[in-house]
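Since this is a predicted model, take the numbers as computed values, not measurements.
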Number of protein chains: 2
Amino acid sequence: MRPTGPLDRVAGAHDAAVLAVARRGEPVARTGLADALQVTPQAISKILTRLMDRGLMAESGSFSSGPGKPTTLYRIVPESRRAIGLHLTRTRLHGVVADLTGQVLERRSVGIDPGRPEPALIADLAGMARELARHGRGELLGVGVGMPGPVDPVEGVYGGSTSSADAWRGAPIRALLLEELALPVHLDHDSRAALVGESWSQPGLLDNAALVLAEEGLGASLRLDGAIVRGAHSQAGEVGHTVVRLDGLPCPCGRRGCAQAEYLAALEAGDQELAARVLATVVLDLVRLVDVDRVVLGGRAVYAHHRVTMEAVRRALAEGLRADAQLHVEVLLSTRGVDLIAVGAACQVLEHEYGLPTALVGPETG
Amino acid sequence: MRPTGPLDRVAGAHDAAVLAVARRGEPVARTGLADALQVTPQAISKILTRLMDRGLMAESGSFSSGPGKPTTLYRIVPESRRAIGLHLTRTRLHGVVADLTGQVLERRSVGIDPGRPEPALIADLAGMARELARHGRGELLGVGVGMPGPVDPVEGVYGGSTSSADAWRGAPIRALLLEELALPVHLDHDSRAALVGESWSQPGLLDNAALVLAEEGLGASLRLDGAIVRGAHSQAGEVGHTVVRLDGLPCPCGRRGCAQAEYLAALEAGDQELAARVLATVVLDLVRLVDVDRVVLGGRAVYAHHRVTMEAVRRALAEGLRADAQLHVEVLLSTRGVDLIAVGAACQVLEHEYGLPTALVGPETG
DNA sequence: CACAATAAGCCAACGCTGTTGCGTTACGTC
DNA sequence: GACGTAACGCAACAGCGTTGGCTTATTGTG
């Protein structure tokens, strides 16, 4: 490896910025990139040369309008890199291989036993990763794992569920999987992974956005000013136990009126309208506090009744924000469907490798 | 001005990082800075040379422990720069001049007429700024203004209050004041200013923190991973109208059970315990969503009964987070007292000039 | 009191970044 | 076929932190 200079960070940030523009899929021109990055076209040439040397981008024809030399177009090379994403729940394991743009190349899904001991779990994860790795042909960058409940992405350890006894509590999943596969492993909260995945292929659109995930529980994740919010203890977005109704239904966590308990109970009673209102309450509080302009909804429980849910959330937002007419919040449905979290986990690997850096100075965040 | 190269951004970020360490007040050594910034001691020498050329830092004796050449110490020069901060409410104008470390050099306070037309308001602001500018001696960097309610810091325009008719609604305060004073002007939400002020003199401590301000209304502000959260419409932290009790007291905004209405009503009834519980509800929701590890309380309404308030918030947090034992949240009282917002407004000027940059690439954010 | 050992800091050369100025290439138009 | 135009490449440049060697100032030892 060549000696790491400080200017590598500038180059790296610019490379990532060009890739971010290019991964929208449309061919890009030198001039447009120069405007976007606020550098000279000549600098863009050097940046593109670096990216083409690494196989990440390629020329893509040219474009002529009027006199003069035609503009050369460049495009991202999706098949140049791959990443594996695994979505782990208590009863199922779902996995995908995705290319550099986050497109799914292959998917797998198996049921697992919730009581399964830790070594067997690791074997399942590793097995699916190895199988998925046989598809596609770009360089395999690593494996991402998304799972519900508290997770420590820095240490790569699962924190255990508060709502049930849990056989995997404290399992050092990243370390074990890394040893098994000899590939970089990223472990994170499911809804955080989902938001990374959702925004990977539409860079910039979700720079101030929240994603609310309704699966076995409720989870949220935030991207503010382009940066994913992890929080001081990596527990940002654990909104499942926010109290939405004082003295409401009892929750396994010991308190009453938790959003998650109310939501699941409403679903079980077949009252989609009520469930959607619980969801909408969480969303409204969140919008007030952090002022996002887009909210993405995802997860099995949402897909099952997505029309009712979206409509109820939109209505609750319009009602709750009616006094602040200048606050427009767009409510979107996830574009990834059931692959949402698995793709997101894969995109976390991509983001780590090719995403825009957050800070310029200080120690590496890993 | 010398031609702006891309490497200025690296240098600028490093200069800001060194200043951030130094503004804690204690003298700093080359080695310590090298560790903090992850660069070689030689680079620190160059950075310090630049900062000393600009008069921002100076040598501060030396320090010997054991054999070898003694370590040279450096300190920030607080008196090298000044900034003015103004805190505007509907009935009072409070102002300070602060030095580079955020220390107050002089303060002023006058009552104003809420119905006062816009030109008179600008004259009041400019008059106080000019008077404050006579104190202290460093270079005057600019004027910061903090005020309650919705504000657009990008355009420098006051958005108007939702709870009352407002003579200043839509006033382009920044443009008018800039024309009057010929100095850079920064306009922002009061609680956001307060958090900037609170964290300026203790860098790093409040990198994941929230500040809740209780004055005429309720406001919150967030700093996540070191970055102040402004939101898509610069309205992050407008939590005053979060609903804490369904079908509660009517609020001037038209809805019922808003945190602000409940809080003010409890205070008026002399029930500090209830008021504190309303505050605590807001804090608890906020901690769940963004996982901050420190919460700062400030504002007149808090100071009046700070023991009761702090205790109630601490109790509510301990109760609400009891199932998540690993989440430690420290509840602090503002260190700035009644100057909180005025100092914060001044520190916004300092932060703009000498604070750590947020992003590396893309267009300037102003 | 002289000397070595030690640690901090300076100087100069280096590789890398994006910038600048100027020449080259490829297109449309007359 | 000559001309104007716009995109692009080449080469020199300034400034960043790094590297390696040298200087400086203190402590400890004979």
Side-chain angles (χ1 to χ4, degrees), chain A residues 1-18 27-54 57 59-74 357 359-364, chain B residues 1-18 27-54 57-74 357 360-364:
Chain A
M1 196 189 276
R2 73 157 189 268
T4 298
L7 288 75
D8 290 359
R9 286 195 283 223
V10 176
H14 282 165
D15 292 2
V18 168
V28 292
R30 217 174 64 134
T31 318
L33 290 170
D35 290 347
L37 271 72
Q38 292 285 346
V39 296
T40 59
Q42 182 61 27
I44 299 293
S45 291
K46 291 190 180 181
I47 294 167
L48 284 171
T49 304
R50 286 198 301 262
L51 290 171
M52 294 197 302
D53 285 348
R54 293 163 70 191
M57 296 198 66
E59 287 196 13
S60 171
S62 61
F63 171 99
S64 175
S65 70
K69 182 171 177 174
T71 305
T72 313
L73 292 173
Y74 301 85
L360 173 61
V361 296
E364 291 261 331
Chain B
M1 197 189 277
R2 74 157 188 269
T4 297
L7 290 74
D8 291 358
R9 287 195 282 223
V10 175
H14 281 164
D15 292 1
V18 167
V28 292
R30 217 174 64 135
T31 318
L33 291 169
D35 290 348
L37 272 71
Q38 293 284 353
V39 296
T40 60
Q42 181 60 26
I44 299 293
S45 291
K46 292 190 179 180
I47 293 167
L48 285 171
T49 304
R50 287 197 301 263
L51 291 172
M52 293 196 301
D53 285 348
R54 293 162 70 190
M57 295 198 67
E59 288 197 13
S60 170
S62 61
F63 169 97
S64 175
S65 72
K69 182 170 176 174
T71 305
T72 313
L73 292 173
Y74 302 84
L360 172 61
V361 295
E364 290 261 332

K.L.:
Looking at B:R9, I'd like to know whether one of its side-chain N or O atoms comes within less than 4.0 Å of OP1 or OP2 on D:dG17.
P.N.:
no

K.L.:
With rounding to the nearest 0.5 angstrom, report the CG to CD1 distance, B:L33 to B:I47.
P.N.:
8.0 Å

K.L.:
To the side chain of B:K69, which of D:dG17, C:dA7, C:dG18 is closest?
P.N.:
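Among the listed nucleotides, the one closest to the side chain of B:K69 is C:dA7.
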
K.L.:
Give me the atom names and distance for the closest heavy-atom approach of B:P41 to B:A34.
P.N.:
N-CB, 3.9 Å

K.L.:
Counting only side-chain heavy atoms from C-beta out, which of D:dT18, C:dG9, C:dA26 sits nearest to A:P70?
P.N.:
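Closest nucleotide to the A:P70 side chain: C:dA26.
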
K.L.:
Measure CD1/A:I47 against P/D:dC8 and give the value in whole Å, please.
P.N.:
14 Å

K.L.:
Indicate, yes or no, whether a donor-acceptor pair under 3.5 Å links the base of C:dG18 to the side chain of A:K46.
P.N.:
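Looking at the base of C:dG18, it does pair with a donor or acceptor on the side chain of A:K46 (distance under 3.5 Å).
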
K.L.:
Measure across A:R9 and B:H14 and return the closest heavy-atom pair with its distance rounded to 0.1 Å.
P.N.:
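Between these two residues, the closest heavy atoms are NH2-NE2, 3.6 Å.
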
K.L.:
Measure across A:A29 and A:L73 and return the closest heavy-atom pair with its distance rounded to 0.1 Å.
P.N.:
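Where A:A29 meets A:L73 most closely, the heavy atoms are CB-CD2, 4.0 Å.
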
K.L.:
Between D:dA7, C:dT19, D:dT18, which one does the side chain of A:T72 approach most closely?
P.N.:
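In terms of side-chain proximity for A:T72, the closest of D:dA7, C:dT19, D:dT18 is D:dA7.
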
K.L.:
Rounded to whole angstrom units, what separation is found between the CG atom of A:L51 and the P atom of C:dG18?
P.N.:
11 Å

K.L.:
Can you figure out which of D:dG4, D:dG9, D:dT27 approaches the side chain of B:P67 most closely?
P.N.:
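Ranking D:dG4, D:dG9, D:dT27 by closest atom to the B:P67 side chain puts D:dT27 first.
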
K.L.:
Using Watson-Crick or G-U wobble pairs with both distances under 3.5 Å, give me DNA chain D in dot-bracket, 5' to 3', with [ ] for crossers and | for pairs to another strand.
P.N.:
||||||||||||||||||||||||||||||

K.L.:
Which heavy atom of B:S45 sits nearest to which heavy atom of B:R30, and what is that distance?
P.N.:
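Looks like OG-NH1, 2.7 Å.
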
K.L.:
Would you tell me if any nitrogen or oxygen in the side chain of B:T40 comes within less than 4.0 Å of OP1 or OP2 on D:dG17?
P.N.:
no

K.L.:
Nearest nucleotide by nearest heavy atom, which residue falls closer to the 5' end of DNA chain C, A:G68 or A:D15?
P.N.:
A:D15

K.L.:
In terms of the nearest nucleotide of DNA chain C, which residue is placed more toward the 5' end: A:S65 or A:P41?
P.N.:
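The residue mapped nearer the 5' terminus is A:P41.
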
K.L.:
Which of the following nucleotides, C:dG18, C:dA8, D:dC10, is nearest to the side chain of A:H14?
P.N.:
C:dG18

K.L.:
Among all residues two or more places apart in sequence or in another chain, which pass the side-chain contact (heavy atoms from CB on, under 4.5 Å) test with B:S64?
P.N.:
B:P70

K.L.:
Closest to the A:V10 side chain: C:dG18, C:dC10, D:dC8?
P.N.:
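The answer is C:dG18.
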
K.L.:
Please give, in whole Å, the distance from C:dC14 C1' to A:D8 CG?
P.N.:
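My rounded result for the distance is 14 Å.
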
K.L.:
From A:R50 CZ over to A:R54 CZ, what is the distance, rounded to the nearest 0.5 angstrom?
P.N.:
8.5 Å

K.L.:
Choosing from C:dC10, C:dT20, C:dA8, which nucleotide comes nearest the side chain of B:T71?
P.N.:
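In terms of side-chain proximity for B:T71, the closest of C:dC10, C:dT20, C:dA8 is C:dA8.
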
